[in-house]
Every structure is written in C-alpha cells, then in structure tokens.
Amino acid sequence: MKRALLIVLSLLAVACQGEPSHAGLEEPLRVSGGFFHEGRLPGIPRDEQPEDAEELQELTPRVPVLSPATATIRPGQAGVALRGTVTEDAYSIAVRLKDVSSGYWVKAVGGLTGIPNEREWDARLDFSPDIEPGPHVLEVVAIDGDGNAGPQTSFTLCITRAVEHSRNACDPSVLPPASLITLSWDTDADVDLVVVTPSGVTVDATHPTTLDIDSGDEIDEDAPGMGLLSIDGNGACRRDGVRRETLTWATSPERGEHLVYAKLFEPCGAQATHFKVEAFVRTAGDDEDSYDLGRLAETRHGVLLPQQASGDADLGLFVTTIEFP
Amino acid sequence: MPAASAQTDALAARIEALETRTAQFQTELTETRAQAQAEPEDEPKEGLGWSWDAYVQAQYESSQVSENQLQSGGALINRDRFVLRRGRFRLDHGWEYAALAIEVDTNTVRGLSIGLRRAHALVRYPARSKLAVPYVALTAGLQDQPFGHELPFGARKRLFAERSTASGALFPNEADVGASVSGGFGVLRYAAALLNGQPADPYLFADPNAGKDLIVRVGVDAKPASVLDVKAGVSFLRGRGFSPGADATKGEFRWIDDNQDNSVQDTELRPIGALAAEPSASFDRWGFNFDALAALRTPIGVSQLNGELTLAENLDRGLFVADPVATNGDARELGYYIAFTQEITPYAVVGFRLDHYDGNADFIESRRGRVVPASRSVTTYSPVIGAQLPDVARLTLQYDFIDDALGRTELGVPTDLRNNQWTLRLQVGL
C-alpha cells in the first residue's frame, strides 16, 4: 500500500514539474524566438535602484546598452529590432511591456562583444494589433547563471493609433489629422472603402483622392481640404494583414454629406466578411495647444457575403452618411 | 464358461476401442497445440472466403499545451477536444493460394480525413495446417511495414492510445507501398519488404527518388508452455531519404524597413539577384530494432511484458525530421520502450509504458556565443486503466507524463515543458 502511494505521489510530482507552456499569442508584446514566462518581471525595479551611478554600476548582471530601432510603433507592427549589451555574467535577458504584459519573455544572450566584459543580445519584437495607443514602458533585465536578475532598464515607446500614425496618442502637442473615415474588416478579403464627397467626387482604390485628378494635374497633398486614401487593403487578394483602408484629411474636409460604401471587390476565399466604419475629427486637448482625436459618428457594422462581390461594377454596399462640421 | 469368455472378449474389445480413441484424441490434441503454436495472434486474417472487420475509436483528449489560439499558418493549438481517432473497415477474401485485403480509415485528427490504411494482393504457399502461417507469401500494395513488433501490431489490439514516440517519429504512417515476402516454419518467422520509404508528407506513399527501403525482420514466435507465449525478433532497415531542392527565383527589389519608420528611404531598397534552382539530393539512412514479448496466462488474466530498442540514422520522418543534406551532418536516433499490461478478470485491464526517444544524439545549440551539446530526448511515462467487454468494447483512460527539453528556463537553457496529456477513449469493434 505504501509502495503504491509512493508511486502515485511520484507520478503527481512529475505531472506538476516543467515550465508552463504558454505560446504568449494573447500578449500585447511578443518576442520572436523567445520563451514566455508568466508572472512579475524579476530584478530590481527602477524606483528601488540606488540613485548613485557608481553604486548602480556595481550591480550585476546589468543591461548597459538598450537600443530599439524606433521609438514609435504602430499597433500590429512586427519585427521591431531591439539590440543591446549585458554584462559578461548574464545568461539571458527578460523583456516585457510594463503594466500591460502578464509576464515576460526570456531570450538567451550571445557571445562577447568588442567592449570589455560585455555580451551582445538582440530580439525581434512583435506588437499586438489590439495594444492600447499611448506611451508604454519597455523593461529589460539581465539574468545570471544562478537565476539572479539585476537592475531593470527601461525605454519609453509610443504606440500610435491604428487609424492614424502621428505621435498625438503620446504627445498631445502633435497635430493629428483633421478628419478621417476608416473601414476595417476581419478576413483576408479584398474590401474597398468608397466615399462620395459632397461635390460628387468618388474616392476609391482606383481614385485615391478627393481631388479631381482626371484633369491630369499632379496631386498636391497640402491642398486645403484634400483627402487621401491609404493603401488598397488586400488588393488583388495579396494579404497584407492590415485589413483597413482609411481616407484622411490633413486639413478640414469639404462641408456636407459624405456617402460611405463598403465594396467587396473579391472575397479571396472568405465566407462572410464583417466590417465596421468609423469617423474621427480633430478636437481640442485638455491643455492649451494640445489636440486629440474624437469619434464623430456612431460606429457602423455590417457583413459582406461572397455573392456581393462586385469588382468594379458598382460602389458597393451603402453603409452610412457622414457630415463633417 | 463360454458366456464368461464372450463377456471378457467384449470387454477387451471395448478397452481396445477406448485406447484407440484416446490415442486419436492425443494425436488431435498434439496437432491442435502445434497449430496454435504456429499461429501468431497478430497474424493478418487472410483466411479462406470472405471476412470483414470494423472498429471505431472515439476519444476526448486534453493537453497542458492547449491554448485557444492558432499557430502561424492556421494549425490548431487547442488540444482539448473530442476526436474520432480511428474509424476503420476492413474487407478480406482468401483462396487457398491467394488473398486480398482492403481497409479504409477515417478520422478527424486534422479535420475529416478518409484514406486507405491497407490495400494489398497476396499469393502464398500455405503450410500443411490451414491455421498456420504460410511457408511463403508474396504481398504487393499498401501494406504493413515489418519493422519491430509495435509498428505492424495494429491499433485495435494495442492497449496504449498511440505507438511509442520513437515508432511515431521514425514511421509516421503504419503502412507503405511496396512488395514483401513473409512466412514461417514452425516457430521461426521472417519478412523482407521493399517499400517506397515515404510514409509521411509531403510525398506520402509516393516516391521522389529511385532508392527503395529494404526492411528485413527475422524472429521467433513460440509457446514454450500452454500458458506462455514468447516472441522476439530483430529488424533492419536500409534506404535512401530525400532532401528537396528549391525552385529558381526571379530578381526583385525588396524594401527592408531598417529604421522601422514605415517610410521608404533609398538605402532601404535592396536588389536581390535571381537565384538558380537548387537540385534535390538523396541520402543514406538505416535502422536497427530488437523486439521481445512474453505473455503469461494466469488465473486473473493475461500478463504481458514487451519492449523494443531501436537505433537509427537519418530515419526520423515525423518529429524532428532528419535532413543531413540541409544540416550538413547525420542525425543518430535512439528509441526504446518497455510496457507491461495486466488483465484483471476478462473485464478490466491496467498497463504502464516507459517510452524514450532521442531524435538526434549529436544535437548542438549556441549558448552565450559558444556551441554546446543539447538534448532532443523525450521520455514519456504512460499509465493506463481500462474496462472491457472481451473482443467487443474497451474504455481506457491514459495519462502521459512527458519529460522533454522543449521549454526554456529563465536562463534561456532548455528544460522540461509542461505538456502532459490524457486520453479517454471508447473503442467498439465487430
């Protein structure tokens, strides 16, 4: 009986051991080739580190150099390079986005660099499309061979809005677009945003501006009231992962009613494509000389079925009318 | 007195008749035992006339790695699910010197799949006893691969949910297309098969190279006592694997957003020249296997102990997939298992299997700028319990404790990943 109990307990012990498996796909930050651990980032937080620089230098393992390729990130941006060095005693680095990650990513460090007593490391960061716009703190810590983590190092990144990529989400003094209409969808279908302006110009993937370009004149992007359409999302069924088209006005658009259509150009194998149309306008910020982006109209939802695919035949499904102030 | 003499003669005649009948019974018993000894339990059932067979294995399975997400490319990460693991129907017809068999398999492991499990034609020179293994049989078509005990044994009779890790890695599919010669003399068994050697995607049952896999197994199948079965054998495989080349590519411009600003700068446009096609290449592979089994009938049921040891080179086609052309080095594989099952009355059964597989004994990886040896071994401990209606239905619960090196510690060092799994399976067959 005792022997049987011992066997059962041994099996239970085996069942409970091992690193928890978690692909980390639901995380706002993902590290290519890294391994995700749930829980608090190890190491000494910034506010608990000694203020004296020399005293801080003595704490190891450390991250002397932390260098992201860019400080401005679009939601869904992938492959952002993050490089740096660690002190020689480090075995790995741990990375997370402060306050939003539910754990941290571990990546092994590389060999010694030309700098004395330092090793190199690098990571490729992928950011979730659902990440909240605004400033986010990226924290990195080095871990030595005994599992001890040193002082945490941080860097502030700006995550822009999905609908526009100015830094206004992080710095209200930056001017966002005056207005925009955006269409987003949930499949790899080739869907087009079509807008008919009050003066009767039809804006779509083949005519991506509110100006009358049929006259042959060059597009002046700074012309007052000119709207410009972003990329042809999933054009010709070439999957781009963005699944969004946006008509943006840098300056106030033409007054009057804009008719908005969602056109299923080609289903690209999708059964049902759910979409939504949103409109935003620039508003005043909380402080003087600050700006924000506010929702203009109620979000409109809909669904497009393969039999509605119309190519260039018509304007597509009428969705809503938007009138800019 | 004549009456007494006649009675004595009559009794003597009866005794003689009884002795004759007893001798006949003894002869028949001896022949029956010999036939039973000559017929292995897992022998294909190509007897005379029509026969058919069907069974269904439906299960609920759960794994610690399960997540409600998709892998890149769309494969499911969720492993908590109901699965039709096998639904098979087999039809056989046998004549004295020939036989055929067709077996259809359907499952929902990766969505609904319907395919052939076996389809072969057979000609044979039968043994004197119709129940015995033929002296020689030539089989052609989609058939079992005679490598070891577990691979051709059959999923219906196996108590454990799946084959051992090594068997699944080296032989992702139980069958392959080719021709074989097999048979037996007394307790001796032999088989030699020439097969395409591609029992795995992307060339399943096709063959991209002219080299064929030769598999040879020689073994014994004996009943040293009426309550004891003993089987053992050695198998060897030699063949040619295939490393696919690459198509030619056109030259192109590529934009690489070095500074991640989502804008194109001149320095970020890179010309990539056209590349010539890369030829495919073939490589040598081999495998050696030793298998042994002992089954003892006791008053509480059959006790069975069996195991296999496999050594191989460049033979992994299902798990770590050996390609010495791409890696510029041979992969040496080692696998073994030992399993014990015990019937407790005809209606209950328990079992335990220890299963180990090392997909590359020479695997290395880079750590802190240095190349160090690393492990690719997977060890699985699988206790199983079951209730059964003999030869009709079986309900089993198996838990797999998996010890591997697929996780990473905080130091970035490989460690065991928490990926244990369990399977609750109901099997019913005709």
Side-chain angles (χ1 to χ4, degrees), chain A residues 7-8 10-26 33-37 39 42 68-74 77-81 86 88-94 104-113 119-121 125 141 143-149 160 165, chain B residues 63-79 256-263 268 350 352 354 365-372 374 378-385 399-422:
Chain A
I7 291 170
V8 170
S10 303
L11 289 175
L12 286 175
V14 173
C16 295
Q17 72 183 24
E19 285 297 327
S21 54
H22 189 320
L25 293 171
E26 294 169 358
F35 194 89
F36 185 75
H37 291 250
T70 179
T72 306
I73 309 289
R74 288 170 289 115
Q77 190 166 345
V80 177
V86 287
E88 188 183 3
D89 54 346
Y91 271 63
S92 62
I93 53 134
Y104 54 93
W105 294 85
V106 168
K107 195 141 192 303
V109 300
L112 293 168
T113 64
R119 296 182 179 277
E120 62 185 0
W121 59 270
L125 310 182
V141 67
I143 301 173
D144 69 14
D146 296 323
N148 301 315
T160 68
H165 304 312
Chain B
S63 169
Q64 288 178 325
V65 295
S66 183
E67 283 186 51
N68 300 331
Q69 294 292 340
L70 299 177
Q71 286 177 346
S72 180
L76 307 182
I77 298 180
N78 177 41
R79 307 272 174 83
I256 298 172
D257 193 7
D258 285 329
N259 58 4
Q260 307 281 332
D261 67 350
N262 203 32
S263 300
E268 295 176 339
V350 296
F352 181 81
L354 166 64
E365 67 170 25
S366 176
R367 275 184 223 156
R368 304 176 85 214
R370 286 184 300 175
V371 175
V372 295
V378 181
T379 304
T380 309
Y381 309 88
S382 304
V384 58
I385 57 172
Y399 195 97
D400 295 322
F401 300 89
I402 302 172
D403 184 12
D404 54 29
L406 300 176
R408 292 271 162 174
T409 66
E410 287 189 341
L411 309 183
V413 175
T415 188
D416 179 32
L417 184 71
R418 197 174 291 175
N419 56 353
N420 297 341
Q421 59 192 24
W422 58 267

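The sequence lines fix the lettering, A, B, ..., with proteins before strands; numbering per chain opens at 1.
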**Student:** What's the shortest heavy-atom distance between B:Leu411 and A:Ile143, and which atoms?
**Tutor:** CD2-CG2, 3.6 Å
**Student:** So B:Ile77 and A:Leu25, side-chain contact (heavy atoms from CB on, under 4.5 Å) or not? Walk me through it.
**Tutor:** CA-CA 11 Å; B:Ile77 298 180; A:Leu25 293 171; 3.5 Å; yes
**Student:** If I measure from the heavy atoms of chain B, does A:Ala71 come under 4.5 Å with its side chain, its backbone, both, or neither?
**Tutor:** neither
**Student:** Taking all atoms of both residues into account, what is the closest heavy-atom pair of B:Leu417 and A:Phe35, and its distance?
**Tutor:**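 In this case the closest contact between B:Leu417 and A:Phe35 is CD1-CZ, 3.5 Å.
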**Student:** Would B:Arg368 and A:Tyr91 count as a cation-pi pair here, with the cationic atom under 6.0 angstrom from the ring centre and within 45° of the axis?
**Tutor:**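 Checked: cation-pi criterion met.
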**Student:** So, taking the atom named NE2 in A:His37 and the one named CD in B:Glu410, what distance separates them when rounded to the nearest 0.5 Å?
**Tutor:**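 Going from NE2 on A:His37 over to CD on B:Glu410, the span is 6.0 Å.
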**Student:** Mind ranking A:Ala69, A:Ala149, A:Gly34, A:Ala108 by heavy-atom pairs under 4.5 Å with chain B and telling me who comes out on top?
**Tutor:**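 The option with the most such pairs is A:Ala69.
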**Student:** Please rank A:Lys107, A:Glu120, A:Gln77 by heavy-atom pairs under 4.5 Å with chain B and give me the top one.
**Tutor:** A:Gln77
